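In what follows, chains carry the letters A, B, and so on, assigned in the order in which the sequence lines appear, proteins first and then strands, with residues in each chain numbered from 1. Source: prediction; values computed, not measured. Atoms considered below: every heavy atom in the structure, side chains included; atoms not considered: hydrogens, waters and symmetry mates.
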Amino acid sequence: MIDLYQECADLVNQIPKGMVTTYGTVAKALGDEIAKRAVGVMLNSYGPPIKMPCHRVVYSGGGLGGFAYGLPKKMEMLAEEGVFEKDGKIADFENIFFDKFKTDFPLKNARKKQLDLAETVTLADPKKMPDMILGLDASYIGTRAFGAGILFHISDKKVVKTFTSESKINWPYIPTYLGFREMPVFKLIIDELGRDAILMLDGNGVLHPFGFGIASHIGVEFGMPSIGAAKSLLCGSVGTGTNPPVTLGGHTIGTELKTSPRAKPIYISPGHKISMASAVKITAKISRLKIPEPLRLAHMEATAMRRSAL
DNA sequence: GCGACAG
DNA sequence: ATCTTGTCGC
Ligand SMILES: [Mg+2]
């Protein structure tokens with residue numbers, strides 16, 4: 001997949017001296033305004049030394065925004081280019097606002113890919129349901145990703161194998177595009193821990209505005225059954241009763257599951273090659289605390305690996 | 001200050 | 001996701 005950090009850098013380099021743009025405008029040039037916070041995250045990762053005019057990106061309200069070297073430095077750099085601020089706002093903002101980016105909108109392509117691949121998702125149970133779950137999770141230090149996989153036997157409720165690996169990611173976290181960020185982190189782990197398992201991801205399956213959350217993404221990519229288990233609700237509304245359905249546009253796309261008496265519920269959805277009923281049943285079976293055991297352990301492993309990597 | 005969109 | 005000590009309750 002494309003390097004979004006590079007795409008963002010290429011855009012920022014187009015902002016002329018003496019002009020400014022906003023985080024949201026850069027995000028729109030990337031192809032989706034939802035990435036505006038991610039633009040800030042990416043700008044903050046360039047350097048030191050900063051090789052592009054990050055100081056020319058400001059808040060849409062005219063405020064200065066943030067800067068890795070401190071706001072006084074940002075103000076000074078802008079002043080050198082004839083851009084000034086008064087009362088904490090960019091002066092003459094409307095007239096020095098730049099948005100004529102040359103771009104091929106990479107996020108629009110990514111969205112199209114999601115929509116195309118979503119067509120290939122099947123929610124029928126496999127002929128032979130694996131008795132193994134492969135829980136996957138990741139922890140981060142900037143663009144360094146620490147991934148962990150826990151191979152967990154469903155009937156025995158026992159860990160069979162554990163595997164961790166470090167990799168570099170080239171996508172920031174962008175809501176509804178999570179699969180693109182974590183895909184490379186899990187590839188090595190899935191290849192190592194084998195293919196006869198149901199994948200379980202920390203995030204959603206079809207419980208997604210475009211029916212293609214990370215569990216669907218990873219499931220389709222590897223042609224394996226997958227389940228998504230999210231700690232909070234991404235979209236849709238929750239129904240009533242025990243294990244209430246999560247619906248969106250009249251369709252049931254997930255299930256709210258109370259895995260532990262006092263804890264907040266989690267949100268289960270099939271990712272690929274599995275039914276909603278099986279996804280919920282299996283998740284309930286392998287849950288002792290709030291987070292399903294394979295995911296809870298994968299999270300702990302990934303966190304431990306990150307802490308030992310300092 | 002409110003609202004707030006997985007990780 | 002990350003930044004982070006102690007404390008309360010079961
Ligand atoms: Mg995670």
Sugar-phosphate, base or nothing in reach of A/Thr176, heavy atoms under 4.0 Å | base
With a non-hydrogen cut-off below 4.0 angstrom, is A/Arg306 in contact with a base, only sugar-phosphate, or nothing?
-> sugar-phosphate
Using a heavy-atom cut-off of under 4.0 Å over every strand shown, decide if A/Asn204 touches base, sugar-phosphate, or nothing.
-> base
To the nearest angstrom, the CG-P distance between A/Asn44 and C/dT2 comes to 16 Å
Please report, rounded to the nearest Å, how far the P atom of C/dT2 is from the CD1 atom of A/Ile169.
-> 12 Å
Interatomic distance where CZ belongs to A/Arg181 and C1' belongs to C/dT2 [whole Å] = 11 Å
A/Leu289 CG to C/dC10 P, in whole Å, measures 18 Å
Can you check the A/Arg307 CZ to C/dA1 C1' distance for me, whole Å?
-> 12 Å
Atom CG of A/Leu234 to atom C1' of B/dG7: distance rounded to whole Å?
-> 10 Å
What class does the angle between the rings of A/His217 and A/Phe180 fall in, given that below 30° is parallel, 30 to 60° is tilted and above 60° is perpendicular?
-> perpendicular
Roughly, in whole Å, what's the span from CD1 in A/Ile227 to P in B/dA6?
-> 21 Å
From B/dA4, B/dC5, B/dG7, pick the nucleotide closest to the side chain of A/Arg37?
-> B/dA4
Find the distance A/Leu233:CG to B/dC5:P and express it as a whole number of Å.
-> 9 Å
Select base, sugar-phosphate, or nothing to describe what A/Tyr173 touches, counting heavy atoms under 4.0 Å on all strands.
-> base
Evaluation steps, salt bridge (charged side-chain N to carboxylate O under 4.0 Å, His left out), between A/Arg195 and A/Asp191 | CA-CA 7 Å; A/Arg195 299 308 194 82; A/Asp191 286 340; 3.6 Å; yes
Base, sugar-phosphate, or nothing: which does A/Phe146 touch, judged by heavy atoms less than 4.0 Å apart?
-> nothing
Electrostatic pair A/Asp32-A/Lys28, nearest N-O below 4.0 angstrom | no
At under 4.0 Å between heavy atoms, what does A/His299 touch on the DNA or RNA strands: base, sugar-phosphate, or nothing?
-> sugar-phosphate
Test: A/Arg307 cationic atom under 6.0 Å from A/Phe146 six-membered ring centre, within 45° of axis | no
Salt bridge (charged side-chain N to carboxylate O under 4.0 Å, His left out) between A/Glu293 and A/Arg288: does it pass, once the steps are laid out?
-> CA-CA 7 Å; A/Glu293 215 56 5; A/Arg288 188 165 64 87; 3.3 Å; yes
Report which part of the nucleic acid A/Leu207 touches: base, sugar-phosphate, or nothing (heavy-atom distance under 4.0 Å, all strands).
-> nothing
Output yes when at least one side-chain N/O atom of A/Ser232 is less than 4.0 Å from OP1 or OP2 of B/dC5, else no.
-> no
Identify whether any heavy atom of A/Leu201 sits under 4.0 Å from a base atom; if not, whether one sits that close to sugar-phosphate; answer base, sugar-phosphate or nothing.
-> nothing
